[in-house]
J.: 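Got a structure for you, written out below as structure tokens; questions coming shortly.
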There are 2 protein chains.
Amino acid sequence: MTFTAPTTEQLFVLKTITGIDELQGHDRFAEATPDLVEAIVEGVGEFAAGEFAPLYRIGDTVGARLIDGAVTMPEGYREAYQHYVEAGWSALSAPADHGGQGLPFSLATVALDSLGAANMAFALCPILTVGAIEALHHHGSDQQKALYLPKLSTGEWTGTMNLTEPQAGSDVGALRATATPRGDGTYAIRGQKIYISFGDHDMADNIIHLVLARTPDAPAGTKGISLFLVPKYRLDADGNPGEANGIKTVSIEHKMGINASPTCVLQFGEEGESVGELIGPEFGGMRAMFTMMNNARLNVGLQGVQIAEGATQKALWFARERVQSARAGAGRDPVAIIEHPDVRRMLLRMKAGTEAIRALLYYASGQVDRANLGVPGAREMVDLLTPLAKTYGTDLGSEIASLGVQVHGGMGYVEETGAAQYYRDIRIAQIYEGTNGIQAADLVGRKLGMAGGDVVRGLIAEVQADAGNHPALASLAGDVAEVTEYMVGASVDDRLAGSYPYCTMMAVMTAGWLMLKQSRAAQAMLDAGEGNAEFLKAKLVTTRFYLERMVPEAGGLKAAAMAGADLLYALDAEALAA
Amino acid sequence: MTFTAPTTEQLFVLKTITGIDELQGHDRFAEATPDLVEAIVEGVGEFAAGEFAPLYRIGDTVGARLIDGAVTMPEGYREAYQHYVEAGWSALSAPADHGGQGLPFSLATVALDSLGAANMAFALCPILTVGAIEALHHHGSDQQKALYLPKLSTGEWTGTMNLTEPQAGSDVGALRATATPRGDGTYAIRGQKIYISFGDHDMADNIIHLVLARTPDAPAGTKGISLFLVPKYRLDADGNPGEANGIKTVSIEHKMGINASPTCVLQFGEEGESVGELIGPEFGGMRAMFTMMNNARLNVGLQGVQIAEGATQKALWFARERVQSARAGAGRDPVAIIEHPDVRRMLLRMKAGTEAIRALLYYASGQVDRANLGVPGAREMVDLLTPLAKTYGTDLGSEIASLGVQVHGGMGYVEETGAAQYYRDIRIAQIYEGTNGIQAADLVGRKLGMAGGDVVRGLIAEVQADAGNHPALASLAGDVAEVTEYMVGASVDDRLAGSYPYCTMMAVMTAGWLMLKQSRAAQAMLDAGEGNAEFLKAKLVTTRFYLERMVPEAGGLKAAAMAGADLLYALDAEALAA
């Protein structure tokens, strides 16, 4: 089979869920005309299918390799990346004042959806670059922006995030890397960073590392952290990559998946000096990091959509080809397995689930654009949607990849078919950019606390207003409302104890609401004789499937969401592990 | 960390759920005295930890390899297998009249629980051998039994099941391998079989292949299938392995996991003649196959327990060692992550879930023993429990392995920690020995139909009688009862459409019931001052966790179980895949 980008679906969701037409009504996005949007969505979809998808398997079998201290990408990656840069797909939503195209983030989301569905590990590289752009755009000096943003925007240079150290994972405040003033305004960076995605590679002329480190006498914990820009090659007087900047790639990890993404251990300041510049104020590192990570969290949620799309296409193809057994009660001839009820159930679950998380991510990306436009309430909505989209997008993405393996039967467990690669690749997304557990903690902490709970209540009320005549969705929204009031009044421990099921419930409610919106929009278009009738009829089926069969499952999480922390601590650590 | 077999838990479940004492009351199992049971459980636990567990990782990294046409096991496997044979762990429940020890199947289940928790892929070899023993015991001639059972029982020879061919997976009836009479009562076997676990290896002196094939002029489909015994080496006049029997190992699969288990493509009758003997009557192949597979299905369900145990031990160890972040609202010092509420939630879910599926499998194994003793109703209960235990055991086992990865954070995705290996290894168990979807179809077909639904109703009534004062379990049992009556009256398609969620609901209900029994037994022992108080107090916590937080989730599946097939077929295959 060959991968095809789901452009009809993407354009439909952009229109009905993101509200791309309304975004175009703002001056800033006036260029995003329907014709341009369609051209971009179609164009990047073709590019992803033609250039990224054929490299997915070699990325797994050969993978990125560390050879003589430098990372070598598998054959074909360097060329495909160059084509990606030349085609201009990198710069879509980068700020227009420094070489970007200034288009909506929503459109960049669609581009990444297609690129990552074709090749998740490859498309991770641009995600990191976008994070670096965001951090520089919001916190960099004018000179830094002028020097670095244009090349990062085009993708000629790529970016990384250097947060983690062996003793400092989720606990960023425990990091020890140091930044010592060199007397000329720059800093000498020293320390080891781990889990650096695309920390080294051979696809771009320079790599711009954004590194969290401590200046001398910095306070302990997160308050003492600053963000530094540390290029792989120092820029010469003309702003071109010059001499090496003392960064050693110590090793790359042997991982369960995304083998085309080199996960590096980097040592700064060991092979000569690593010179860095402060980004933003000293001790402003955490704020800059959150800027860098926030959209990255949405983009990791989007990886769930990417894998779900790829796995679903593969499973649908296989299920139509594979003939096995007669259908019970319907003749004696063996049929394609897509005709068996439980295989249909799996395929519809995959398809409906993919659409549900796509809707959630596209909706969130539209809110990012509105927040950037200063639309009231949009920033808070992005803040609330981020943990939902990251957690549920990756959880359901993993489940859909697992169903993809299952549809293939024994062949799904054999690596040649590729179903297993989706399953292995997506598993990281529940972990990186803040584990899903940390996202859930963020929901019941910071996010639930916004406006004393009123941001959450506002979302629930919006769903309830629309869900009126849909019993399953209304019932779930009622459950979410009840758990919300419990959470608002609960102790920190009790909130955290129920945070994960609560996060899932709220995400399913939101995705269900967006599926209901799509269902209504599809029906309206069918009634009006507009659009692609076959696509719209399929949409009526998948939205019903999600609302009637998947939404009710989330109601089963209510007991766990409200069960409190006491039982979790009834045994001490020793007794629990006995 | 080092693996330790959970012997206190195993003995407790054997006593409270399997009813091992009551089994010992039967003459046939009189030897299974409490002292012997304890000695076996402790002994095999020590053996598993000491000999099988240290080989788990090399089984993954090196794996079984095909070298010059023969499978070579990783270093250490051959010796460990010899020790396993010498220690007598293989022969526990094999029939006493042919070299076995004639002990309860329940005890063999405990042995396999420990061996597979230490090394799932390795312990798969004995599972296959047990299947061959069962088939020969029930369908073989006296001469076949005398020649083959003693060596199979001790494990000196191992067994395989040869069912699948490229075009015949779940659809066994589509197989094409042929068996041509040679005029002396034996048959010449020809054909290719795929997915043959331990189809070749170097740990035993002979491999006894049980092969499904068609005699000349056999009717099409499953009715024309016969079962043949085809040894790797033909036996000489003294019953010892002699000349090779024309079986070629064409290749071994490159799989996502269980790399220590060579998954072979075998070609019969290509390199010289492959001589086979009929087992049971001509065309009796399907019946013999089900004998062979039935306990194998339970043993695959048990693989879920094995991996859950191993993954949980590893996660608990890691969570106590890994210090990261202060606990919210409880001081500023970083703590071991086991102290964070959501990590506790994951760990308790892993521990409680492991105990729940162990209870389900141990209960089913006790019913196997009762069925073998002719206890009325026990055979039907085994038949009903088999799809529940296979499906839910492996589904929850996979989920627990995933939680194990999650607890490890980024380190879980890196292969060195071993958490990922559990996740990759267990994924096959939802597929082989009849996919979980086929198990669910078996539940709503054959099993629900037993006695017009009364076997299922009997189980529900038993749960309801015990659940009286437990609201969550009583509520789920009520839901299962309601779905059952819907299923009894539904069309084939509607039954199959809801089969999977229904199967899960019934399995959770049954596991919840067994957890409630354990909870009561633990409380009674505590009240009486008997047993290990620390263990019993932990049991009160895990059973509560399962009953209060996990059982309610299954109620969320009711809508999907009763939603029918219409929506699944609202789109034809082409529109679904569009």
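Both backbone and side-chain heavy atoms feed into the values below; hydrogens, waters and symmetry mates do not. Just so it is clear: chains get the letters A, B, ... in the order the sequence lines come, proteins before strands, and each one is counted from 1.
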J.: What are the two closest heavy atoms between B:Ala573 and A:Ile338, and how far apart are they?
T.: CB-CG2, 3.6 Å

J.: Please examine the side chains of A:Arg327 and B:Asp493, heavy atoms only from C-beta on, and report whether any two atoms are closer than 4.5 Å.
T.: yes

J.: Which bit of A:Thr263 comes within less than 4.5 Å of chain B, counting heavy atoms only: side chain, backbone, both or neither?
T.: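 Nothing of A:Thr263, per the 4.5 Å heavy-atom cut-off to chain B.
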
J.: For B:Phe535, which atoms come within 4.5 Å of any heavy atom of chain A: side chain, backbone, both, or neither?
T.: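 Answer is neither: B:Phe535 stays 4.5 Å or more from chain A.
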
J.: At a heavy-atom separation under 4.5 Å, does A:Pro501 approach chain B through its side chain, its backbone, both, or neither?
T.: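 For A:Pro501, the contact with chain B is made by the side chain alone.
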
J.: Measure across B:Ala570 and A:Val541 and return the closest heavy-atom pair with its distance rounded to 0.1 Å.
T.: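 Of all heavy-atom pairs spanning B:Ala570 and A:Val541, the closest is CB-CG2, 3.8 Å.
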
J.: So which of A:Met562, A:Glu415, A:Glu553, A:Glu534 has the largest heavy-atom pair count under 4.5 angstrom toward chain B?
T.: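 Heavy-atom pair counts peak at A:Glu415.
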
J.: Which bit of B:Ile438 is near chain A, if near means a heavy-atom gap under 4.5 Å: side chain, backbone, both or neither?
T.: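 It is neither, since no heavy atom gets under 4.5 Å.
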
J.: Under 3.5 Å, is there a donor-acceptor pair between the side chain of A:Tyr413 and the main chain of B:Asp425?
T.: yes

J.: Of the listed residues (A:Ala497, A:Gly257, A:Ala560), which shares the most heavy-atom pairs with chain B below a 4.5 Å separation?
T.: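 It is A:Gly257.
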
J.: Heavy-atom pairs under 4.5 Å with chain A are the metric here; pick the option from B:Arg495, B:Glu548, B:Arg544 that has the most.
T.: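 Among B:Arg495, B:Glu548, B:Arg544, the one with the most close pairs to chain A is B:Arg544.
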
J.: Looking just at side-chain N and O atoms, do B:Ser499 and A:Arg345 make a donor-acceptor pair shorter than 3.5 Å?
T.: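 Not at all, the side chains of B:Ser499 and A:Arg345 share no donor-acceptor pair under 3.5 Å.
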
J.: May I ask you to check whether A:Tyr423 and B:Tyr423 place their ring centers less than 6.0 Å from one another?
T.: yes

J.: Let's test your reading of the structure: which of B:Ala559, B:Gly410, B:Ala554 forms the most heavy-atom pairs below 4.5 Å with chain A?
T.: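 Highest number of heavy-atom pairs under 4.5 Å: B:Gly410.
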
J.: Give, as side chain, backbone, both or neither, the part of A:Ile194 having an atom under 4.5 angstrom from any heavy atom of chain B.
T.: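 Answer is neither: A:Ile194 stays 4.5 Å or more from chain B.
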
J.: Do the non-hydrogen side-chain atoms of B:Val414 and A:Tyr195 ever get within less than 4.5 Å of each other?
T.: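 With C-beta onward as the side chain, the pair touches.
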
J.: I need the residue from B:Ser491, B:Gly409, B:Pro6 with the largest number of non-hydrogen atom pairs under 4.5 Å to chain A.
T.: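 With the most close heavy-atom pairs to chain A, the winner is B:Gly409.
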
J.: By a 4.5 Å heavy-atom criterion (distance strictly below it), what part of B:Met411 contacts chain A: side chain, backbone, both, or neither?
T.: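 Both parts, backbone and side chain.
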
J.: Assess the residue pair B:Arg549 and A:Leu567 against the criterion (side chain to side chain contact (heavy atoms under 4.5 Å, CB included)); give the C-alpha distance rounded to whole Å, side-chain angles, the decisive distance to 0.1 Å, and a yes or no.
T.: CA-CA 11 Å; B:Arg549 305 185 190 217; A:Leu567 188 64; 3.5 Å; yes

J.: Can you tell which part of B:Val492 gets under 4.5 Å to a heavy atom of chain A, answering side chain, backbone, both or neither?
T.: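 B:Val492 touches chain A through side-chain heavy atoms alone.
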
J.: With a 4.5 Å cut-off on side-chain heavy atoms, are A:Leu568 and B:Phe545 touching?
T.: yes

J.: What part of A:Ala174 gets within 4.5 angstrom of chain B, counting heavy atoms only: side chain, backbone, both, or neither?
T.: neither

J.: Please state whether the side chain, the backbone, both or neither of B:Ala578 comes within less than 4.5 Å of a heavy atom of chain A.
T.: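 Both parts, backbone and side chain.
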
J.: Quick check: do B:Tyr569 and A:Glu339 have side-chain heavy atoms less than 4.5 Å from each other?
T.: yes

J.: Return the option, out of B:Glu9, B:Lys537, B:Glu416, B:Arg424, with the maximum number of heavy-atom pairs under 4.5 Å with chain A.
T.: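 Greatest number of close heavy-atom pairs with chain A: B:Arg424.
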
J.: Give, as side chain, backbone, both or neither, the part of B:Thr542 having an atom under 4.5 angstrom from any heavy atom of chain A.
T.: neither

J.: Can you tell which part of B:Arg322 gets under 4.5 Å to a heavy atom of chain A, answering side chain, backbone, both or neither?
T.: side chain

J.: Pick whichever of B:Gln421, B:Gln167, B:Glu253, B:His254 has the most heavy-atom pairs under 4.5 Å with chain A.
T.: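 Top option by heavy-atom pairs under 4.5 Å: B:His254.
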
J.: By a 4.5 Å heavy-atom criterion (distance strictly below it), what part of A:Glu574 contacts chain B: side chain, backbone, both, or neither?
T.: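 Interface part for A:Glu574: both.
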
J.: What part of B:Asp572 gets within 4.5 angstrom of chain A, counting heavy atoms only: side chain, backbone, both, or neither?
T.: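 Contact with chain A is through the backbone of B:Asp572 alone.
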
J.: Side chain, backbone, both or neither: which part of B:Pro166 has an atom under 4.5 Å from a heavy atom of chain A?
T.: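 Interface part for B:Pro166: backbone (N, CA, C, O).
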
J.: Please determine, among A:Asp342, A:Leu316, A:Ile428, the option with the most heavy-atom pairs under 4.5 Å with chain B.
T.: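 Ranked by heavy-atom pairs under 4.5 Å with chain B, first place is A:Ile428.
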
J.: Compare all side-chain heavy atoms of B:Ile431 with those of A:Val405 and state whether any distance is below 4.5 angstrom.
T.: yes

J.: What part of B:Gln430 gets within 4.5 angstrom of chain A, counting heavy atoms only: side chain, backbone, both, or neither?
T.: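 When you check distances to chain A, atoms from both the backbone and side chain of B:Gln430 fall under 4.5 Å.
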
J.: Verify whether one side chain among B:Arg427 and A:Gln406 offers a donor that lies under 3.5 Å from an acceptor in the other.
T.: yes

J.: Quick check: closest heavy atoms across A:Ala420 and B:Met256, and the distance to 0.1 Å?
T.: CB-SD, 3.7 Å

J.: If I take atom CD1 from residue B:Ile337 and atom OG1 from residue A:Thr435, how far apart are they, to the nearest 0.5 angstrom?
T.: 9.0 Å

J.: Give, as side chain, backbone, both or neither, the part of B:Leu496 having an atom under 4.5 angstrom from any heavy atom of chain A.
T.: both

J.: Which answer fits B:Pro334, side chain, backbone, both or neither, if we ask what part of it has an atom under 4.5 Å from a heavy atom of chain A?
T.: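 Contact with chain A is through the side chain of B:Pro334 alone.
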
J.: Under a 4.5 Å cutoff for heavy-atom pairs, which residue among A:Gly555, A:Ala538, A:Gly445 has the most contacts with chain B?
T.: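 Greatest number of close heavy-atom pairs with chain B: A:Ala538.
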
J.: If we define contacts as heavy-atom pairs under 4.5 Å, which of B:Gln324, B:Lys255, B:Gln313 has the most with chain A?
T.: B:Gln324

J.: With a 4.5 angstrom heavy-atom cut-off, which part of B:His408 approaches chain A: side chain, backbone, both or neither?
T.: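 No part of it gets close to chain A.
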
